[in-house]
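A note on names: the letters A, B, ... follow the listed sequences, proteins ahead of strands, and every chain is numbered from 1.
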Amino acid sequence: MSILIENISKHFGQFQALSPLSLDINEGEMIGLLGPSGSGKTTLLRIIAGLEGADTGRIQFGDRDVTNLHVRDRRVGFVFQNYALFRHMTVADNVAFGLEVLPRKERPSPTEIKNRVMHLLEMVQLEHLASRFPSQLSGGQKQRIALARALATQPEVLLLDEPFGALDAKVRKELRRWLRGLHDELGFTSVFVTHDQEEALELSDRVVVMSNGHIEQIDQPGALYASPNSRFVFDFLGNANVFEGKLENGKWQNLQANIVLPNGAEQKDGQLYIRSHEFFVSKEATAQANLPLRVIAINPIGAEVRLELTPIDWHSNDVWEIDLPHKAFDKNCFEKGQTLYVTPKAGYFFAHDAQQPVLLNWETEKVQVTEQA
Amino acid sequence: MATHLSAAATRPRHKRVLPGLSLSLGTSLLFISLILLLPMSGLVMQSVDMGWDRYWQVISDERVVASYKVTLWAALIASIFNGFFGLLLAWVLVRYEFPGRRILDALVDLPFALPTAVAGITLATLYAQNGWYGEILESLGLKVAYTPWGIVLAMAFTSIPFVVRTVQPVLEELSPEEEEAGMTLGASDWSVFRRVIFPALWPALMTGIALSFTRSLGEFGAVIFIAGNMPYVSEITSLMIFVSLQEFDFPAASAIASVVLIASLILLFAINIWQARYLRRLHGRS
């Protein structure tokens, strides 16, 4: 079922949790609401579910206006962050709950309920735990039971609040894949809340990035990564280093450091966002850039080595992070405390007065020539 | 080898904050013996002295049996009333923010703090024929003071904190998410209460009611001022003990007291065992 959200806003006391926002969700889509805590993503999810009432606006499921419909009549599946399983009921009773409370006319017979519950437990691969109590389950198992319970009444909309927040990394990855499989198989529309960008990018058809009760950007994961449209999205999607530059003689200058403006760059002051893998590293300054940095930590992570660096004789608010392939790292044998120079290959430039970034590319062949010289 | 030994000798033994089991258990047992077991065995000794026939005669005396009935019925009604009202009060205190909530919260303990005789006299004055409430009730044809209903009233007043204070922490711990989960699954408000909230509160509520009941069985001070103490009608068991004492018939007093004691103990044990079973399910220690 498609979901239409129109001009929804919400405040708690003085705090504006959601500024009027609109969102169109297609049938069968999986949407990730991504943002830091306090960005209003959970409030939005609860408003869609009907657990919270919006101050203004309208919500529609398919052709049905549900704005003033009570949560119990909206027929959505909701999975809570802490699972909220009923502690005094067995796993089977938990899953059966949604069927047991149906009005008598709609309620299936006890044997039918039993069969449906067993089928759901098979689907989440936990049929052997039917007679256990929630306190005897692991976090991952609880999460699956919570999902089975939410799906028991065959809702067309499934809402999940930080579904994998409390799980360890390995279980999280497994469950993520499993949920995606389930979604594709059963075809419900899902909206989930997360603060984990990796989760949002991996799981969603479209990601909604939120901050301070606004929607910052709505895009497919690939597009979102390739063209973040604001500083916030850039910061939040992470792994970007920021160079604050003042325009002087065709260079962006920051105290002793500078970067040469590439072709097509605006002649303005601004901030240059450079992702951690978009760097060329050398032991000397290059013709394109003079960015001296000191290595403070070296962390081998998977296919890459991550260097943490602090600026030398220029200013940056954060520690810089640079990812190098093992090959490049081994060739240079960097050590802690050593000074090195980086040159950006590509970056996003936000002029001071601009909201939107401009993608810039430096000609990397040239860099290498300079280094050989 | 030598280093091994010295390492073992200096290895710190205490892993807990309080001193070890022997000291803490010893102290607790000594204290329980002095405060609880010694007086209780004195009670038993007194009753044993009098022989089985006499014992039976005392505890099955018609007037005493009537007092059991009055006490049990009054305590039962009072504790069930407290079960409802205490749950309501705890609910209001936990779930709502309103001006004066903290004062109300503190007031709940008042029956504990007040000397029970003061409570009894106050209640008797209020509900007497010419008292504030008594006048109104009189015009409706209801009589509370100096009837068994007065006993119920006094018992309910003195034991309400037991229910509130046992239910309150459990309610506080109950996550609103479970209720919300019930609602998203389509359950009506009544269904959510019956199937989700109540089962979680049930053990605490039962404990509260049982405590309130046993407290009411033994209540004396508050009750005698309002009960009217008419033989066979509104005499409570603890009054029978008091009467025996005043007649310097200590064995008879002990005999009746032992009946109250045994009844309370059996009830408390039963509740404890039942609750332990129930809680084991909730917390998964099986």
Side-chain angles (χ1 to χ4, degrees), chain A residues 42 45-46 48-52 69-91 93-103 106-107 129 131-138 142 145-146 148-155 157-162, chain B residues 87 90-91 94-99 101 166-209 271-286:
Chain A
T42 296
L45 192 78
R46 290 173 62 87
I48 299 175
L51 289 168
E52 214 82 71
L69 213 54
H70 190 274
V71 46
R72 73 171 63 94
D73 301 318
R74 288 201 190 181
R75 299 277 152 115
V76 296
F78 198 100
V79 176
F80 291 83
Q81 189 175 5
N82 59 3
Y83 323 125
L85 294 177
F86 306 129
R87 288 177 296 169
H88 58 280
M89 292 185 203
T90 61
V91 163
D93 288 342
N94 261 285
V95 177
F97 187 91
L99 300 171
E100 300 269 4
V101 298
L102 283 173
E106 299 168 42
R107 195 189 310 155
L129 298 178
S131 56
R132 296 274 190 93
F133 285 94
S135 54
Q136 297 166 312
L137 307 181
S138 71
K142 280 184 197 168
I145 297 301
R149 184 178 68 175
L151 292 175
T153 49
Q154 298 171 327
V157 173
L158 183 68
L159 307 172
L160 307 102
D161 187 5
E162 301 259 1
Chain B
L87 178 60
W91 182 267
V94 171
R95 283 299 164 92
Y96 299 99
E97 278 293 339
F98 53 92
R101 188 177 70 99
T166 44
V167 171
Q168 212 174 356
V170 180
L171 257 181
E172 267 162 12
E173 220 178 276
L174 200 69
S175 67
E177 278 93 355
E178 280 186 43
E179 287 160 47
E180 290 178 347
M183 286 196 295
T184 58
L185 291 167
S188 63
D189 288 344
W190 169 243
S191 260
V192 170
F193 181 77
R194 191 170 65 86
R195 290 165 180 263
V196 178
I197 301 172
F198 197 66
L201 292 181
W202 181 234
L205 187 64
M206 276 308 285
T207 308
I209 291 174
I271 283 288
N272 257 328
I273 290 169
W274 172 80
Q275 196 187 29
R277 273 206 203 140
Y278 196 94
L279 288 180
R280 208 177 297 142
R281 283 204 342 214
L282 287 189
H283 301 299
R285 289 187 302 260
S286 57

Please check this pair: side chain of A:Arg72 against backbone of B:Ala187, looking for a donor-acceptor N/O pair closer than 3.5 Å. yes
Would one find more than 12 heavy atoms of other residues, nucleotides or ligands at under 6.0 Å from atom CH2 of B:Trp274? yes
Give a yes or no on whether the backbone of B:Arg195 and the side-chain of A:His88 come within a donor-acceptor separation of less than 3.5 Å. yes
With a 4.5 angstrom heavy-atom cut-off, could you sort out which part of A:Leu85 is near chain B: side chain, backbone, both or neither? backbone
Under a 4.5 Å heavy-atom cut-off, does chain B meet the side chain of A:Asn82, its backbone, both or neither? side chain
For residues A:Gln81 and B:Glu177, determine if any side-chain heavy atom of one lies less than 4.5 Å from a side-chain heavy atom of the other. no
For B:Ser191 and A:Val101, the nearest pair of non-hydrogen atoms, with its separation, is OG-CG1, 4.1 Å
Check against side-chain contact (heavy atoms from CB on, under 4.5 Å), A:Phe78 and B:Leu185: CA-CA 8 Å; A:Phe78 198 100; B:Leu185 291 167; over 6 Å; no
Grab the two heavy atoms, one from A:Leu51 and one from B:Thr184, that are nearest each other, plus how far apart they are. CD2-CG2, 4.1 Å
In Å and rounded to the nearest 0.5 Å, what is the NE2 to OG distance from A:His70 to B:Ser188? 10.0 Å
Nearest heavy-atom approach of B:Ala181 to A:Arg149 is CB-NH2, 3.4 Å
Per-residue contact mode, A:Phe86 against chain B (heavy atom under 4.5 angstrom): both
Run A:Arg87 and B:Leu174 through side-chain contact (heavy atoms from CB on, under 4.5 Å) and show every step you take. CA-CA 10 Å; A:Arg87 288 177 296 169; B:Leu174 200 69; 3.9 Å; yes
Let me know if A:Glu100 has heavy atoms under 4.5 Å from chain B in its side chain, its backbone, both or neither. both
